[in-house]
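Report on the following structure.
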Amino acid sequence: MRRTVFNEDHEAFRETLRAFIEAEVVPVYDEWFAAGQAPRDFYYKLGELGIFGINVPEEFGGAGMDSHKFEAVLYEETARAGVQFGGSGVHVLLALPYINMLATDEQKKRYLPKFVTGEEMWAIAMTEPGTGSDLAGMKSTAKLSEDGTHYVLNGAKTFITGGVHADKVIVCARTDAPTTEDRRHGISLFAVDTKSEGYSVGRKLDKLGLRTSDTAELAFVDVKVPVEDLLGEENKGFSYLGHNLASERWGIAYGAYAQAKAAVRFATQYVRERTVFGKPVAHFQNTKFELAACQAEVDAAEAVADRATEALDAGELTPAEAASAKLFCTEVAHRVIDRCLQLHGGYGYMNEYPIARLYADNRVNRIYGGTSEVMKMIIAKNMGL
C-alpha cells in the first residue's frame, strides 16, 4: 500500500537525517548507552541541523512549520537506526507546544531563540512521587510573594525526562487549593530557570530502557520564579495539560509504530544471516509465518499512525482518538518486538543487538502519557460506557 502522508520535503529531510544519524550518532551510541545519557553538546548539533526549530515561528528563528510530519520522520529514522536522541524528544514534543500555545510575545522573544539553537534545553515536570497519573493530586505549591513580583515554588517531581541537562523546566504547581467540586482547580504552569537558587537535580534515575535519555528527580525549596515566567493564566494549568495530551499521545503512538517497523527490519536481516542446521533461519516456515504476521500488524499500526498524524495536523485529533491510537500502536509494538526478539534466539537478549535495546525502550510506551488501562477508560467513556 502506497503511503500518502509524506511529500518531497519530508523525504528530503529523511535523507538528511539518516546521513546525520549515520555520521554523528551510530559511531558513538554505545558510549552514550554506557554513560546513561547523550552528551550536552550533541543538542547543539541538533540545533544546527534545525531539528528544534521546525515548529517554531520564523520571527523567533524557526522554520514556521505547522505540522507534525517532520517529527514522524524523526521517529522512523531513529528507530530504524536503533538509536535515541537523548532527552531531546521532550524538548520538542512536550515543551514546545506549551510555549507556542501559552507564551506571550515577550516570553517567546526570551525563550524561543535559544530553544531553537539548543542553548537552552527544556523539560516539563508534572509527575510527583506518589501521584503517578493522578495529576490533580499534585502537592507542589507556588505562592505569590507579598510584593507580587515573584512566586515561591516548593515541592518535588520525579520521572522528569531531560531533567539532568535541562536549562528551563515547565513546572506544574498549585497556586490555589483544589475545591470540593473540582480537584483539578488551582494548578498553574511556570517556566523555571534551573540555575535558580533552591532548585536542585536529584538522582539520575536508572531506567530499564531509554538508557540514553536522562531522567531525573527534581526538588524545589523556596525557588523564586518571576511573575513574568507564569505560562498562561493562574489556576488553568490542568486544562492546558489536557489540551496537549492528544499530541503527546500521538507522539508515543507514532514512536511505538516506528519501533515495531524497525524490529521487523532487524529480525529480517538477522534471520537471513544466521544459520542453524546448515540453513539460514529465514528458510524455516515458522520464521516466515512469524515475520509475515508481524508485518501485517505493522501495516495496520502504520495506517492508524498515519491517520492520527493527518488528524493532528488538521487540528481534529480528539482525546479519544489519540487514546485509541496510543493503545493500539503500543500494544502492537509490544507483541511485534517480543516476537522479533524471539527470532534472534539468545543473541536477542544481548544489549549489543539493537532488538534487545528496542525491547527495553518500548516497554514504557504502555505506561507514560497515560497507561493502557487509562487509555481504555478514555475510549470507553467516549463510547458512552
- Query: Under 3.5 Å, side chain of Arg249 to main-chain N/O of Asn244, donor-acceptor pair present?
  - Reply: no

- For atom NZ of Lys204, decide whether the heavy atoms of other residues, nucleotides or ligands shown that lie under 6.0 angstrom number more than 12. yes

- Message: Using 30° and 60° as the class boundaries, would you call the ring planes of Trp250 and Tyr254 parallel, tilted or perpendicular?
- Response: tilted

- Message: What I'd like to find out is whether the side chain of Thr371 reaches to under 4.5 Å of the side chain of Arg366, using heavy atoms alone.
- Response: no

- Pair Asn154-Thr141, side-chain donor/acceptor within less than 3.5 Å: no

- Message: Over 60° means perpendicular and under 30° means parallel, so tell me whether Tyr43 and Phe52 are parallel, tilted or perpendicular.
- Response: tilted

- Item | Ala263 to Cys340 - nearest heavy-atom pair and separation | O-SG, 3.5 Å

- Message: Quiz question: by atom type and distance under 3.5 Å, do the side chains of Thr194 and Asp167 form a donor-acceptor pair?
- Response: no

- Task: Keeping the roles fixed (side chain from Arg274, backbone from Pro280), state whether a donor-acceptor pair exists under 3.5 Å.
- Result: no

- Do the numbers put Arg40 on top of the ring of Tyr44, so that NZ or CZ is under 6.0 Å from the six-membered ring centre and no more than 45° off the axis? yes

- Query: Any side-chain donor paired with an acceptor under 3.5 Å for Asn365 and Gln259?
  - Reply: yes

- Item | salt bridge (charged side-chain N to carboxylate O under 4.0 Å, His left out) partner of Glu76, the single match among Arg18, Arg3, Arg265 | Arg3

- Task: Under 4.5 Å between side-chain heavy atoms, chaining through other members, with only Ile, Leu, Val, Met, Phe, Trp and Tyr counted: pull out the rest of the cluster around Val201, sorted by chain and number.
- Result: Leu144, Tyr151, Leu153, Ile160, Val169, Val171, Phe190, Val192, Tyr199, Leu218, Phe220, Val223, Val225, Val227, Leu230

- Item | Non-hydrogen atoms of His10 and Lys69 that approach each other most closely | NE2-CB, 3.5 Å

- Query: Do you reckon Leu327 sits in the same ILVMFWY cluster as Leu385, going by side-chain contacts under 4.5 Å, direct or chained?
  - Reply: yes

- Message: I need the single residue from Asp361, Asp206, Asp30 that forms a salt bridge (charged side-chain N to carboxylate O under 4.0 Å, His left out) with Arg211. Which is it?
- Response: Asp206

- Task: Give a yes or no on whether the backbone of His91 and the side-chain of Ser88 come within a donor-acceptor separation of less than 3.5 Å.
- Result: no

- Message: Through direct or indirect side-chain contacts below 4.5 angstrom among Ile, Leu, Val, Met, Phe, Trp and Tyr, which residues connect to Val164?
- Response: none

- Query: Taking the inter-plane angle between the rings of Tyr353 and Tyr347 on a 0 to 90° scale, is it parallel (under 30°), tilted (30 to 60°) or perpendicular (over 60°)?
  - Reply: tilted

- Task: Please examine the side chains of Trp32 and Val28, heavy atoms only from C-beta on, and report whether any two atoms are closer than 4.5 Å.
- Result: yes

- Query: Is the gap between the ring centers of Phe266 and His344 under 6.0 Å?
  - Reply: no

- May I ask you to check whether His334 and Asn362 show a side-chain donor-acceptor distance below 3.5 Å? no

- Would you please say whether a donor-acceptor pair under 3.5 Å links the side chains of Gln37 and Ser213? no

- With no hydrogens and no angle check, is any side-chain donor or acceptor of Lys168 less than 3.5 Å from a backbone partner on Asp193? no

- Message: Looking only at the side chains, is there a donor atom on one of Asp338 and Gln342 sitting less than 3.5 Å from an acceptor on the other?
- Response: no

